[in-house]
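Please read the structure below before turning to the comments.
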Amino acid sequence: MTIETQVQTAYSVAAERYAALGVDTQTALSALEKVAISLHCWQGDDVGGFENPTGGLSGGIAATGNYPGKARTADELRRDLDVAYSLLPGSHRLNLHAIYLESDKKVERNAIEPRHFAAWKDWAKAGGHGVDFNPTCFSHPLSADGFTLSHRDPAIRQFWIEHCIASRRIGDYFGRELGTPAVTNIWVPDGYKDSPADRTTPRLLLLQALDEILAEKLPDNLDAVEPKLFGIGSESYVTGSMEFYSAYAVSRKILLTLDSGHFHPTETIADKISSLLIYLDQILLHVSRGVRWDSDHVVTFNDDLQAIAQEVVHCNALERVHIGLDYFDASINRIAAWTIGTRNTQRALLQALLEPHQMLNTFEAQGDFSSRLALQEELKVMPANAVWDYYCLSKSVPVGMAFMDVIKTYEKAELTQR
Ligand code: RNT
Ligand code: ZN
């Protein structure tokens with residue numbers, strides 16, 4: 001039997017098994033096809049960027065490892081991304097940071113303009129990718145003491161306010177040019193290593209700074225703010241906490257970003273989604289994997305990921321939840337890191353889309369929690385992967401781990417030459 005026949009045969013059997021539960025696999029696949037995951041450009045070069053590639057990463061985040069072949073230029077990064085996209089079923093977005101600008105001369109962060117991202121725009125247009133954007137409020141001399149938008153020095157604060165204003169305009173430019181709004185996500189590393197005497201002042205400064213940043217109406221840009229519990233060097237206090245940004249996002253009607261690595265190690269973001277969607281129109285996810293801390297490991301098909309996907313699907317919120325990835329592993333092939341994490345995220349969404357929600361809801365409404373549990377457990381081992389393989393086949397991307405053959409070939413031809 002050829003692999004194609006195996007996949008087709010397994011799919012027909014799986015489709016019948018799901019049909020018996022009242023689930024139409026084609027409907028699930030059509031829903032999955034509409035989900036564009038935002039691939040984070042920074043996995044391709046360990047969050048280096050092209051402003052000052054040798055400058056080092058700061059802000060309490062770290063990419064560990066020294067796997068050969070990291071992208072050194074925007075062209076290399078785009079080529080690497082093209083390989084990753086070619087291994088993913090469906091059409092996906094790009095999540096870009098401000099330090100990935102292209103310019104012959106040094107451009108200050110508060111002076112970045114859309115023209116510095118024109119090559120990214122052309123490439124995105126050609127590849128059919130929407131683009132999301134991020135101001136880079138780290139890896140810079142003016143962020144060196146751990147504060148940016150909530151810095152007590154008005155001049156430093158002003159610099160970062162201007163950088164964020166410039167970033168929103170670039171987001172708007174991408175949104176307008178590509179015909180799909182950009183989410184511009186503000187994350188700042190601000191916080192204290194040790195217990196502060198005054199937890200309020202930096203938060204009031206951040207509030208004022210954000211209000212200044214958001215003052216301009218930009219129709220093709222969506223704004224998001226990303227909270228965090230702690231970082232390296234901000235273990236005791238982070239200005240932009242969950243409570244601060246949740247209240248801010250609700251009061252300003254903007255998006256809140258939930259990064260799965262940003263909470264207590266046993267705390268999952270899955271349960272936060274339904275609550276936030278009551279108060280917010282849209283949210284952004286940074287799908288990541290913390291191991292013991294916010295270590296940004298490659299997303300694996302674990303319980304956490306499945307719970308996140310289930311919640312988005314159960315809330316019927318695929319159109320209100322923007323899904324981006326956020327991890328940086330420099331210890332393995334970086335294209336494999338993108339591909340594995342994105343395919344897992346898609347697979348988790350598919351598995352959630354294949355659940356008989358009506359049946360689960362009915363058991364619950366009837367108070368039949370035994371049947372609810374029995375069905376939930378059965379669903380874990382239903383043949384979702386046969387549907388996934390079929391989806392890959394029908395989208396002409398590698399089935400199973402055959403995507404590694406493509407990556408290995410590219411590694412030999414291109415990455416090892418860098
Ligand atoms: C840091 C945040 C933030 C960054 C990226 C590079 O803890 O998760 O999203 O990872 O902006
Ligand atoms: Zn994040």
Side-chain angles (χ1 to χ4, degrees), residues 37-51 53 55-64 77 93-101 109 131-140 143 146-149 160 163-164 167-168 170-171 182-191 223-235 237-242 244-245 249 255-265 267 269 272 283-299 304-305 308 321-330 334 337-338 341 345:
I37 311 274
S38 199
L39 266 71
H40 50 318
C41 73
W42 53 92
Q43 166 58 56
D45 74 334
D46 317 336
V47 211
F50 309 120
E51 178 201 63
L57 177 58
S58 77
I61 52 179
T64 51
L77 187 55
R93 301 177 66 88
L94 176 74
N95 201 0
L96 204 55
H97 242 285
I99 46 171
Y100 289 80
L101 83 174
R109 295 246 179 118
V131 170
D132 301 304
F133 201 70
N134 305 261
T136 311
C137 302
F138 51 85
S139 303
H140 189 278
S143 70
F147 282 84
T148 61
L149 291 179
W160 293 111
H163 175 56
C164 290
S167 294
R168 288 184 75 230
I170 293 162
V183 181
T184 298
N185 174 55
I186 298 180
W187 171 72
V188 294
D190 301 28
D223 296 292
V225 285
E226 182 178 5
K228 188 165 182 173
L229 176 68
F230 79 96
I232 299 174
S234 59
E235 289 85 356
Y237 172 84
V238 169
T239 313
S241 61
M242 177 67 172
F244 176 88
Y245 277 135
L255 283 72
L256 184 76
T257 303
L258 292 178
D259 183 310
S260 36
H262 282 198
F263 297 90
H264 291 279
E267 187 177 357
I269 62 167
K272 304 181 192 304
I283 59 171
L284 168 65
L285 301 184
H286 270 188
V287 182
S288 187
R289 179 166 57 103
V291 178
R292 304 195 187 282
W293 66 291
D294 179 30
S295 55
D296 291 292
H297 279 62
V298 177
V299 167
D304 210 15
L305 179 67
I308 293 167
V321 179
H322 302 256
I323 304 175
L325 304 175
D326 184 11
Y327 51 77
F328 16 101
D329 189 339
R334 293 168 184 80
W338 271 319
T345 306

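Every heavy atom of this structure was used, including side-chain atoms; hydrogens, water molecules and symmetry mates were not. Each ligand, and each atom within it, is numbered from 1 in the order the structure gives.
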Note: Asp296, heavy atoms under 4.0 Å from ligand 1, region reported as neither

Between Thr257 and His286, is there a side-chain donor-acceptor contact under 3.5 Å, judged purely by atom types and distance?
no

Q. Is a salt bridge present between Arg168 and Asp223, judged by a nitrogen-to-oxygen distance below 4.0 Å?
A. yes

min-distance protein heavy atom vs atom 11 (O) of ligand 1 -> His97 NE2, 2.7 Å

min-distance protein heavy atom vs atom 9 (O) of ligand 1 -> Glu226 OE1, 2.7 Å

Of all protein heavy atoms, the one nearest atom 10 (O) of ligand 1 is Asp326 OD2, 2.8 Å

Atom name of the N, O or S atom of His286 nearest to the Zn ion (ligand 2) is ND1

Atoms of ligand 1 under 4.0 Å from any heavy atom of Asp259, numbered from 1 in the order shown, are 8 (O)

Q) If we ignore angles and hydrogens, is there a donor and acceptor under 3.5 Å between the side chains of Asn134 and Asn95? A) yes

Distance-only donor-acceptor check, side chains Asp326 and Ser288, under 3.5 Å:
no

Counting from 1 in the order shown, the ligand 1 atoms closer than 4.0 Å to a non-hydrogen atom of Phe328 are 10 (O)

For Asp294, the atoms of ligand 1 under 4.0 Å from one of its heavy atoms are 7 (O)

The OE2(Glu226)-the Zn ion (ligand 2)-OD2(Asp259) angle, to 10°, is 90°

* Asked: Would you say His262 has any N or O atom under 3.5 Å from an N or O of ligand 1, going by distance alone?
  -> yes

Open item on the list: Is it the case that the ring center of Trp187 lies less than 6.0 angstrom away from the ring center of Phe138?
Closed with: yes

Here the N/O/S atom of Asp326 closest to the Zn ion (ligand 2) would be OD2

If we number the atoms of ligand 1 from 1 as shown, the ones under 4.0 Å from a heavy atom of His286 are 9 (O)

- Query: If we ignore angles and hydrogens, is there a donor and acceptor under 3.5 Å between the side chains of His297 and Ser295?
  - Reply: yes

Near Ile61 (heavy-atom distance under 4.0 Å), the atoms of ligand 1 are 1 (C), 7 (O)

Q | Test: Asp259 and Lys228 ion pair at under 4.0 Å | A | no

Practice prompt. Measure the distances from the heavy atoms of Asn134 to every atom of ligand 1 and state whether one is below 4.0 angstrom.
Written response: no

task = Decide, yes or no, whether a salt bridge links Arg334 with Asp45 under the criterion of side-chain N to carboxylate O below 4.0 Å.
result = no

shortest atom 7 (O) of ligand 1-to-protein heavy-atom contact is with Lys228 NZ, 2.6 Å

Less than 4.5 Å apart, any side-chain heavy atom of Phe244 and any of Thr239?
no

Exactly one of His40, Arg93, His97 clears side-chain hydrogen bond (donor to acceptor under 3.5 Å, both in side chains) with Asp132, and that residue is Arg93

